[in-house]
Amino acid sequence: MSDFVKVSRDGDVAVVTIDNPPVNALSFHVREPLMQALVELRDDASVAAIVIACAGRTFVAGADITEFGKPMQQPELRAIVATLETIAKPTVAAIHGTALGGGLELALGCHFRVADAGAKLGLPEVKLGLLPGGGGTVRLPRLVGAVKALKMIVSGAPIGATEAHAAGLVDAVFEGDLTTHAVNFAGEIARKGGPFTPVRDRNDGLKQTDLAAFDAGAADLARKARGLEAPIACAQSVRNAVTLPFDAALAAERALFVKLVASDQSRAQRHLFFAEREAAKLPGKDVVKRRIARVGVIGAGTMGGGIAMAFANGGYSVILLETSHEALQRGLATIDRNYSVSVTRGSLSEDAKRERLAQFKGSTDYADLADCDLIVEAVFEDMAVKKEVFGKLEAVAKPGAILATNTSYLDINEIAASTSRPQDVLGLHFFSPANVMKLLEIVRAEKTAPDALATSVDLARRIGKVAVVVGVCHGFVGNRMLAARGSESEALLLEGATPSQIDQVFTDFGWPMGPFQMGDLAGLDIGWRNRKARGQKAVIADTLCEQGRFGQKTGRGFYLYEAGARTPVPDPEVEALIRDKAAENGIAPRAISAEEIVERTLYPLINEGAKILEEGIAARASDIDVVWVNGYGFPIGKGGPMFWVGLEGPARIIERLEYWHQRTGKDVFKPARLLKRMAETGSWEAGG
Ligand code: T1G
């Protein structure tokens, strides 16, 4: 056979084993020998049943994503599945690890599926801007019903073996040696005799479909799609499975797949898939990571509490330190409340909550941190306070402990230099709420040791974060670019735009919310304090803060918020204030187009990204995309700011930046060298 597909016999049961590390993707070099093996075994009378299994840590995790966008080599997956369905003898997929995308579709081509108790099964194509293209939208509903299939396919979230068994997706769940169980299962079925019904001919799951309920569910999902094409296509294709004959539904699925695979949105989301994995790769050779078992968090406020929860959720025991007993109790009570909310929502069981809380130990004594392998400081954002904390840490932290700061802006080299062990110091910049937001900016200071960095990147994955390593500068990657994006917001308001007009441009672009709504959510006082610390001014935002308008937390900011509500209501008072400030500054209001708003907010954002690349603060343009998509809600369908340059057109961006630079003289508009080179070469990478 081939190195990637091996056939063995166990009596009259043939076992086809796919072996294509690391995740048994269905690359061409797997598909070809697989097809050959299935045809031979189909026609081999000595074979009573066929088991398809995989070597390594997982069943097939999908089609080979690297092959998309290139001419597809035959045989394709759907041809292999169609061949599988011509096999009269029983075929059994033995699923361990993950059966995802094309992997689950291959298994759906079999008469039966058996799974290891720890297995996960799903069709995550929507996360790549696609829909299942190997018959998944047509076969899955036939087993689990249209409504469950819709939920699985539009969310892309995998389900566990037990749930899959209950739903009729797998026929048996085993512990222990799965292949042996599968061979026995197949042998028994063969001995019982057929006929064996391929999934394509099984309509049991479809019979009771309530189309009205289905359409209501699909409409709700469509509302949440925020301009993404794939979720809509997924829902349409599952509906076809209910309303159309099998082959017609399959052909319709194909047509949707071909359209999506060529779309900018899917290209963007595939870019992000690989970008997240690249971001976790550190240059240079692998280093031995430090052992992390016990974590200390200093500060039990909003950030400290969230960070502590992130580590407890990752299975680490956490010491939460505060300056006073009252502050500590307040912090622990907030953590308890947050877990209760998850229990109420059903995303956490009472038992799990108890287990998580048992991992916390509160303290007001620095000495209790002496045994910690990692200590994260999350105290007030002030350099003197940070240095004082690191001074105390020095006295208690054990050799080899990593000392991390959660600062969002401050100079970590300066904090490190205030200690005698700068090699152990780095930034772990979490995003609020830290127990929810996926992004973790890991800030490498000048003297940070490679093993401290590698340990932190590994740790991020263990607590379910997407890590990006960045260098030290004011605001690192995310906040520095955020400042550039916001640099013109006030000017746009003074010149005639309104907060809701600007926010609408952002939500139309695909953001969950615009800058003014985001400011009100985060609290306008944070930016105010930061500007005051830096001697900077923002005419309108400062005035709002002086009036106690800090946003949602005070019920009014750039918008008004009914008591306890989060819906922003435009406030005539704010618009009048803006008009007054404009008049005071001799600015006559004018009509401002959505295009101009994009040019004066997103183009400076990109330009700053290019400068960050030039300075080596970020190692790759794709790292910047990972930061913005996972930390700032940049629309995934646009791939991140640096990828979006390719969609928007670098030449146009430069031409408009130069226009605004000319008009305003502001540096944020002066096109960066690397952006110009990107326009010439079409790539951010050195050498184009
Ligand atoms: N194709 C190509 N490479 C893949 C791959 C895939 N499907 N999945 C993973 N890799 C690479 C990945 O880039 C990394 O490479 C290495 O494998 C380890 O991955 C027709 C249209 C399975 C849960 O969306 O979700 O089927 O960085 O670091 O954390 O309908 O990988 O080492 O060079 O992520 O243990 C649908 C994608 C495809 C699942 C394992 N399938 N994979 O996670 O390892 S579309 C998916 C994952 C499709 C059909 C359609 C995860 C994983 P490198 P890793 P992990």
Side-chain angles (χ1 to χ4, degrees), residues 4 18 20-31 34 54 56-70 72-82 95-109 118-140 149 152-153 155-160 230 233-234 237-238 250 253-263 265-267 269-282 286 438 457-458 460-467 620 622-623 626 636:
F4 304 105
I18 297 170
N20 183 30
V23 295
N24 290 314
L26 281 172
S27 317
F28 168 66
H29 56 254
V30 170
R31 295 196 306 273
L34 177 60
C54 287
R57 62 190 167 111
T58 181
F59 190 77
V60 174
D64 185 336
I65 306 169
T66 62
E67 291 182 353
F68 293 150
K70 300 172 191 148
M72 190 55 82
Q73 292 174 281
Q74 302 306 320
E76 289 187 43
L77 169 61
R78 58 206 173 103
I80 294 172
V81 175
I95 298 169
H96 76 291
T98 56
L100 300 175
L104 182 54
E105 290 173 308
L106 178 69
L108 287 167
K120 289 209 172 307
L121 301 85
L123 293 172
E125 286 86 344
V126 71
K127 296 181 181 171
L128 299 168
L130 298 169
L131 85 170
T137 67
V138 190
R139 290 188 176 86
L140 183 66
M152 285 178 67
I153 294 172
S155 70
I159 62 173
C234 286
S237 198
V238 175
L250 205 60
E253 178 196 86
R254 188 74 207 156
L256 287 166
F257 181 81
V258 169
K259 179 168 159 281
L260 288 178
V261 80
S263 71
Q265 287 190 355
S266 180
R267 277 193 320 108
Q269 289 176 259
R270 293 185 328 245
H271 158 75
L272 289 169
F273 177 85
F274 291 113
E276 279 182 20
R277 282 149 185 84
E278 281 308 302
K281 293 176 184 159
L282 293 172
D286 248 358
K438 296 280 284 176
V457 171
D458 183 61
R461 198 170 55 77
R462 291 172 191 280
I463 62 173
K465 300 296 182 193
V466 174
R620 291 161 280 244
S622 60
D623 287 0
V626 173
I636 55 172

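Remember, it's 1-based here, ligands and their atoms both numbered in the order they're listed.
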Atom pair CZ (Arg267) and CZ (Phe68), whose distance is rounded to the nearest 0.5 Å: 14.5 Å

Would you say Glu125's side chain and Leu130's backbone share a donor-acceptor pair under 3.5 angstrom? no

What I want to know is whether Arg57 and ligand 1 share at least one N or O pair that is separated by under 3.5 angstrom. yes

Protein contact of atom 16 (C) of ligand 1 - nearest heavy atom, named by residue and atom, plus distance: Pro22 CG, 3.5 Å

Value rounded to 0.5 Å, distance of CZ in Arg78 from CZ in Phe257: 9.0 Å

Verify atom 11 (C) of ligand 1: protein non-hydrogen atom under 4.0 angstrom away: no

the protein heavy atom lying closest to atom 8 (N) of ligand 1 turns out to be Val23 CG2, 3.4 Å

Is Arg277 positioned over the aromatic face of Phe273, cation under 6.0 angstrom from the ring centre and no more than 45 degrees off axis? yes

Which is closest to atom 14 (C) of ligand 1 by heavy-atom distance: Glu253, Met72, Arg277? Arg277

For atom 23 (C) of ligand 1, what's the nearest protein heavy atom and its distance? Leu100 CD1, 4.0 Å

From Leu260 atom CG to Ser266 atom OG, the distance as rounded to the nearest 0.5 Å: 7.0 Å

Return the residue, atom name and 0.1 Å-rounded distance of the protein heavy atom closest to atom 7 (N) of ligand 1. Ala63 O, 2.8 Å

Assess, by modelled atom type and distance only, whether the side chains of Glu253 and Thr137 contain a donor and an acceptor separated by less than 3.5 Å. yes

shortest atom 22 (C) of ligand 1-to-protein heavy-atom contact is with Ala61 CB, 3.5 Å

Under 3.5 Å side-chain donor-acceptor pair for Thr58 and Asn24: no

Classify the angle between the aromatic ring planes of His29 and Phe4 as parallel (below 30°), tilted (30 to 60°) or perpendicular (above 60°). tilted

Only heavy atoms count here, so choose which of Phe59, Phe274, Phe273 is nearest to atom 47 (C) of ligand 1. Phe273

May I ask you to say whether Arg31 pairs ionically with Glu67, meaning some side-chain N is under 4.0 Å from a carboxylate O? yes

Would a line drawn from the ring center of His96 to the ring center of Phe59 be shorter than 6.0 Å? no

Candidates Arg270, Gln269, Glu105; heavy atom nearest atom 30 (O) of ligand 1 found on Glu105

So if I count the atoms of ligand 1 from 1 in the order they appear, which ones are less than 4.0 Å from some heavy atom of Leu128? 24 (O), 38 (C), 45 (S)

Contact atoms of ligand 1, heavy-atom distance to Pro132 under 4.0 Å: 30 (O)

Heavy atoms only: which of Ile65, Asn24, Thr58 is nearest to atom 1 (N) of ligand 1? Ile65

Would you mind checking if Glu76 and Arg254 are paired as a salt bridge, meaning a charged N to carboxylate O distance below 4.0 Å? yes

Atom 2 (C) of ligand 1: which protein heavy atom is closest, and how many Å away? Asp64 OD1, 3.3 Å

Residue Phe257 vicinity, atoms of ligand 1 by number, heavy atom under 4.0 Å: 21 (C)

Who gets closest to atom 53 (P) of ligand 1 by heavy atom: Glu278, Lys127, Glu125, Lys281? Lys281

Quick check: Gly133 and ligand 1, any N/O pair under 3.5 Å apart? yes

Say whether, by atom type as modelled, one donor and one acceptor occur between the side chain of Lys438 and the main chain of Gly464 under 3.5 angstrom. yes

Can you find a protein heavy atom closer to atom 43 (O) of ligand 1 than 4.0 Å? no

For Phe68 and ligand 1, does the shortest N/O to N/O distance drop below 3.5 Å? no

Polar proximity ligand 1 side, Pro124 side, N/O cut 3.5 Å exclusive: no

